[in-house]
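Data block below; observations after.
Whatever order the structure lists ligands and atoms in, that order sets their numbers, starting from 1. All values below come from the heavy atoms of this structure, side chains included, with hydrogens, waters and symmetry mates left out.
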Amino acid sequence: MGKFFHKPSDELRDRVPPGQHLATGFPVLTYGATQHIEPESWQLQISGLAQPQVITWHDLMAMPQSSFTADFHCVTTWSKLDVQWQGVKITDLFQHFTIEPTASHVMQHATGGYTTNISMEDLLRAENFLAHKLDNQPISADHGGPVRLIVPHLYAWKGAKWISGLEFLPKMELGFWERNGYHHRGEPFAEERYSDR
Ligand SMILES: Nc1nc2c(c(=O)[nH]1)N[C@H]1C(S)=C(S)[C@@H](COP(=O)(O)O)O[C@H]1N2
Ligand SMILES: [Mo]
């Protein structure tokens with residue numbers, strides 16, 4: 001363990017949530033099999049309480065592109081600061097379809113069957129994005145390429161790798177880890193790791 005994790009220095013400590021250690025490198029954390037998807041065959045299905053539609057790789061590339069520097073916190077206690085991504089802001093993506101005002105929550109769906117739930121309030125923030133580049137390169141399959149969701153203010157399980165759908169819901173439903181005992185929201189500085197139900 002000592003080889004792979006180290007204690008944060010003083011100036012970084014306030015960016016590392018309680019119970020977390022800095023990881024060296026960028027570990028891969030996947031439940032189940034890595035998905036291999038060609039960019040040209042990637043699609044995002046918009047469903048539920050929204051105008052149904054399919055967003056293709058071509059559509060995504062035509063949207064405004066942004067660069068992001070974001071801290072990454074895995075609930076298994078490792079964090080990585082200042083990860084460099086490129087992609088499309090959720091606020092820009094949401095210009096492309098209408099969402100019914102009764103939609104309060106969203107289920108993220110991923111190829112391979114992973115799901116994770118998030119509230120509209122937590123999803124619709126300026127710092128959230130669909131990522132397609134990591135360190136200036138296409139995201140590798142292990143890290144969720146060609147497209148994954150990143151929600152920097154929540155634990156990283158709240159961003160689906162190989163994202164394939166956003167389903168807009170009238171109330172909270174639980175995703176894969178949330179049904180298996182993880183917290184419904186997952187805010188790292190509040191250590192929202194496990195469900196209290
Ligand atoms: N589709 C899918 N997305 C996922 C996961 C997964 O198993 N499948 N794991 C989550 C968890 S727990 C974490 S910490 C991050 C890990 O991303 P990484 O493998 O790029 O480090 O992806 C999240 N998104
Ligand atoms: Mo994680």
Side-chain angles (χ1 to χ4, degrees), residues 1 4-5 15-39 41-45 47 55 57 60 68-88 90 106-119 122-123 125 127-167 173-195:
M1 289 292 271
F4 298 105
F5 297 96
R15 289 173 58 193
V16 180
Q20 296 290 111
H21 300 270
L22 290 180
T24 303
F26 194 173
V28 168
L29 213 300
T30 303
Y31 181 87
T34 296
Q35 303 295 314
H36 295 272
I37 303 160
E38 291 302 320
S41 49
W42 175 83
Q43 293 191 335
L44 185 72
Q45 307 272 346
S47 67
I55 288 164
W57 174 258
L60 190 71
F68 305 88
T69 301
D71 297 348
F72 192 100
H73 308 295
C74 173
V75 71
T76 64
T77 77
W78 58 268
S79 291
K80 181 173 173 58
L81 302 183
D82 293 330
V83 186
Q84 307 285 319
W85 306 96
Q86 282 163 269
V88 173
I90 292 297
V106 181
M107 189 66 75
Q108 303 172 38
H109 294 269
T111 303
Y114 184 88
T115 54
T116 188
N117 60 276
I118 190 167
S119 69
D122 278 324
L123 182 57
R125 287 170 64 135
E127 76 268 22
N128 298 342
F129 56 98
L130 287 181
H132 58 75
K133 279 190 176 164
L134 169 60
D135 289 334
N136 268 312
Q137 302 294 321
I139 301 174
S140 66
D142 275 350
H143 283 301
V147 184
R148 74 182 295 173
L149 184 63
I150 298 290
V151 179
H153 75 289
L154 299 179
Y155 284 119
W157 96 77
K158 290 298 189 176
K161 305 198 282 190
W162 317 294
I163 191 159
S164 62
L166 293 175
E167 180 187 0
E173 291 180 20
L174 300 180
F176 172 71
W177 283 121
E178 295 84 3
R179 283 195 303 271
N180 285 284
Y182 279 14
H183 197 275
H184 68 270
R185 178 156 186 261
E187 207 282 307
F189 286 90
E191 283 209 73
E192 292 173 342
R193 298 175 191 273
Y194 306 109
S195 166

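Atoms of ligand 1 found under 4.0 Å from any heavy atom of Thr30, numbered from 1 in the order shown, are 7 (O). Below 4.0 Å from some heavy atom of Gly159 lie the following atoms of ligand 1, by number and element: 4 (C), 23 (C), 24 (N). Atoms of ligand 1 found under 4.0 Å from any heavy atom of Ala160 (numbered from 1 in listed order, with element): 3 (N). Against a heavy-atom cut-off of under 4.0 Å, Pro27 is close to the following atoms of ligand 1: 18 (P), 19 (O), 21 (O). Applying the 4.0 Å criterion to heavy atoms of Trp78 picks out, from ligand 1, the atoms 21 (O). Close approach of ligand 1 to Tyr31 (heavy-atom distance below 4.0 Å) involves ligand atoms 6 (C), 7 (O).
Not a single heavy atom of Gly112 sits less than 4.0 Å from an atom of ligand 1. Using a 4.0 Å heavy-atom cutoff, Phe72 is listed among the residues neighbouring ligand 1. Note on ligand 1: Tyr182 sits outside its first shell, no heavy atom being nearer than 4.0 Å. The closest approach between a heavy atom of Lys80 and any atom of ligand 1 is not below 4.0 Å.
The shortest distance between side-chain heavy atoms of Pro152 and Asn128 falls below 4.5 Å. Contact check for Val28 versus Lys161: side-chain heavy atoms found under the 4.5 Å cut-off. Between Ile150 and Phe72 the shortest side-chain heavy-atom distance falls below 4.5 Å.
Across Gln108, Arg148, Lys158, His109, heavy-atom proximity to atom 22 (O) of ligand 1 is greatest for Arg148.
Contacts between Ala110 and ligand 1 below 4.0 angstrom, taking non-hydrogen atoms only, involve the side chain exclusively.
Protein heavy atom at the shortest distance from atom 11 (C) of ligand 1 is Trp157 CA, 3.7 Å. Looking at atom 14 (S) of ligand 1, its nearest protein heavy atom turns out to be Cys74 SG, 3.3 Å. At the shortest separation from atom 9 (N) of ligand 1 among protein heavy atoms lies Leu29 O, 3.2 Å.
Sequence neighbours left out, the pairs with a member in residues 107-118 that pass side chain to side chain donor-acceptor pair (under 3.5 Å) are His109-Glu167, Thr116-Glu178.
Residue Lys161 has at least one nitrogen or oxygen atom sitting less than 3.5 Å from a nitrogen or oxygen atom of ligand 1, judged on distance alone.
Between Glu187 and Arg185, none of the side-chain N atoms (NZ, or NE/NH1/NH2) sits under 4.0 Å from a carboxylate O, so this pair counts as no salt bridge.
Note on ring orientation: taking the six-membered ring where Trp is involved, the planes of Trp57 and Trp42 are perpendicular (angle over 60°, cut-offs 30° and 60°).
Within 6.0 Å of OH on Tyr31 lie no more than 12 heavy atoms contributed by other residues, nucleotides or ligands.
One finds the CG atom of Asp71 at 11.0 Å from the CD atom of Gln20 (value rounded to the nearest 0.5 Å).
Scanning for side chain to side chain donor-acceptor pair (under 3.5 Å) contacts around Asp82 gives Arg15, with sequence neighbours left out.
Separation of the Tyr182 and Tyr155 ring centroids does not fall under the 6.0 Å cut-off.
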